[in-house]
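To start, the structure under review is shown below, and the notes come after it.
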Amino acid sequence: MAVSVAQLQSMASLSNDLFYDILRRLDGATLASAACACAAFCSISKEERIWENVCHSLWPSTKREDVRSLISSIGGFRKFYADCFPLIVNKEVPVAHWDSSLQYSEEWAMDDYYGDIDEFESISPSDFVTIVDVRYKDKAIYSKVLWGIPDSGGSNGWFYDCPFRIDLLSYSGRDDDRGNNVTLSLADGLPPITSIEKERKDGKLWRELCDGIQLSWIIVNRKDKQAANFASWSPLGGQRHWPTDSDFLIRFGSILPAKDILPCNVVECTFVMRFRALHVGDEHDNQTTLKLTELSMQLEDMGGAHVNGRNSLLVLRKALSCQRSNNYGELLESCQLYSKLQRELREEKMRSENCFERLYILSGIAAFFTFWYCIFLI
C-alpha cells in the first residue's frame with residue numbers, strides 16, 4: 001500500500017506540461033483511451049492543439065493553411081478526428097432491396113427520379129471539399145485537396161445527368177508537394193522483383209502492395225459542417241496484371257445509404273487505385289519502381305449502373321450522417337452483404353430474362369405451327 005501511495009504522490013507532482021508532452025506523442029485511439037484514465041489526462045486531452053498534431057500525423061493534407069481554416073470552421077480538429085477516423089458502416093444493407101415502386105418508368109415526374117427538388121436545390125457542388133491522403137507502410141506518398149466537385153459546371157451542365165466520377169490525377173493541385181508524379185521504389189519498402197513472369201507465379205509484390213497501401217478519402221460539406229472518411233482503411237480487393245501485365249489495380253470502398261434517392265436504397269462507393277510497373281529489374285538490377293496512374297472515385301447502384309451527378313450529391317450528403325465504426329470487420333461485413341444482395345439481384349434478373357426468352361421461343365414455335373396448320377387447311 002505504501003508503494004501505491006508513493007506512486008500517486010509522484011504522479012500528482014508531475015506538471016501539466018509534462019502530461020501534455022506525453023499525450024501529444026500518442027495516436028488518436030490511444031489518446032482517447034488515455035483521456036479515460038484520470039481527470040488530468042481528460043482535461044489535457046481536450047486541448048485542440050493535441051488533436052491537431054494527431055490529424056497532421058494521420059492526414060498530411062490537414063497541414064495546409066486553407067484546410068486548417070476549414071477544419072476550424074466546422075468544429076475543430078478534435079471533432080474532425082472523431083468524424084473522419086471511424087469508417088462508414090451502413091447497417092441498412094441487410095434489409096436493402098430493389099424498390100419496384102421506383103423503377104425508371106415513363107410516368108415518373110422529375111422529382112420522383114431526383115428525389116425532393118427543394119432538397120436538391122439546397123446542395124451545391126461547391127459545398128464539398130475532398131481531402132485525400134495515401135500512405136504506404138505508414139509513409140505518406142500522396143496528398144490532394146479539391147475545393148468543390150471538379151468540372152461540375154452550372155445547374156444545367158452535363159455533370160448532373162452524366163455518371164459521377166472524380167479522377168484526382170486529372171486535376172493539378174495548386175499546393176501539392178509532389179504533384180501527380182507518384183512512384184514507389186525499394187526505398188519505400190517495395191520488394192525487389194526481376195520479372196513480371198516471376199511476379200505472376202509468387203505474387204510477392206502484389207501482396208506487399210495490398211498489405212502496405214492505405215487510402216483516406218475525406219469529404220467535407222462546408223454548409224452542413226459535416227465530414228466523413230468514405231474510403232476503407234485497407235483494400236477490399238483488386239486485380240493483378242489488369243488490363244496489362246504491368247498494371248496492379250486495387251479497390252477500396254464503402255456502402256452508402258440511398259433510401260428515397262435511388263430504387264436500390266444503397267449504393268457502392270468505389271475507389272480505384274492503379275499502379276504501373278515502370279521498372280522490374282533484370283539479372284543485374286533488382287530495382288523495382290511503380291507509378292500511380294489512377295486514383296478515382298465513383299458511385300454505382302446495385303444493378304452496376306453509375307450514379308449521375310445530381311443523385312450523387314444527394315447520396316454524399318446523406319452519407320455524412322451515416323453510422324460509423326472503428327471495427328474494420330463491420331465494414332467488410334457490410335460490403336459482403338452488399339455483394340451477396342447484388343448477386344441475388346443479378347441471378348433474379350437472369351431468371352426473369354430466361355423465362356422471357358423461353359416464352360418468346362414457345363410463342364414463335366406456336367406461331368410457326370399455327371401458320372403451317374392454316375396453310376394445310378387451305
With a 4.5 Å cut-off on side-chain heavy atoms, are L320 and D224 touching?
no

Can you tell if the side chain of Q298 reaches within under 4.5 Å of the side chain of V307, non-hydrogen atoms only?
no

For the side chain of R222 and the backbone of L70, is there at least one donor-acceptor N/O pair under 3.5 Å apart?
no

Under the criterion side-chain contact (heavy atoms from CB on, under 4.5 Å), I'd like the reasoning laid out for L313 against I149: C-alpha separation, chi angles, the key distance, then a yes or no.
CA-CA 10 Å; L313 295 183; I149 305 297; 4.2 Å; yes

Can you sort out the partners of S325 under side-chain contact (heavy atoms from CB on, under 4.5 Å), two or more places apart, ordered by chain and number?
V89, N327, E330

Taking the side chain as everything from C-beta on, heavy atoms only, tell me whether D133 gets closer than 4.5 Å to Q214.
no

Main chain of V54, side chain of S57: is a donor-acceptor contact present, judged purely on distance under 3.5 Å?
no

With V132, which of V145, I218, L215 fulfils side-chain contact (heavy atoms from CB on, under 4.5 Å)?
L215

Going by an N to O cut-off under 4.0 Å, is there a salt bridge joining D202 and K204?
no

Between L209 and Y136, is there a side-chain heavy-atom distance shorter than 4.5 Å?
yes

Do the charged groups of D167 and R165 touch, with an N to O distance under 4.0 Å?
yes

Is L184 close to E208 at the side-chain level, that is, under 4.5 Å between some pair of heavy atoms?
no

Under the criterion ring pair (Phe, Tyr, Trp, His ring centres under 6.0 Å), which of F271, F252, F230 is the partner of W217?
F271

Mutual orientation of the aromatic rings belonging to W233 and F85 [parallel < 30°, tilted 30-60°, perpendicular > 60°]:
tilted

Count the heavy atoms belonging to other residues, nucleotides or ligands that lie under 6.0 Å from NZ of K137, then report whether that count exceeds 12.
yes

Near-ring test F80/W59, centroid separation under 6.0 angstrom:
yes

Can any side-chain N or O of D127 pair as donor or acceptor with the backbone N or O of S124 at less than 3.5 Å?
yes

Applying side-chain contact (heavy atoms from CB on, under 4.5 Å) to S72 and not counting sequence neighbours gives none

For residues K79 and W51, determine if any side-chain heavy atom of one lies less than 4.5 Å from a side-chain heavy atom of the other.
no

Name of the residue among D247, T183, T293 meeting side-chain hydrogen bond (donor to acceptor under 3.5 Å, both in side chains) with R276
D247

Would you name the heavy atoms of L290 and A277 that are closest together and state the gap between them?
CD2-CA, 3.5 Å

Please check if the side chain of R78 supplies one atom and the backbone of I50 the other of a donor-acceptor pair under 3.5 Å.
no

Going by distance alone, is a donor N or O of one side chain under 3.5 Å from an acceptor N or O of the other, for R317 and Q226?
no

Taking the side chain as everything from C-beta on, heavy atoms only, tell me whether Y142 gets closer than 4.5 Å to M273.
no

Are R200 and E197 close enough for a salt bridge, meaning some N to O gap below 4.0 Å?
no

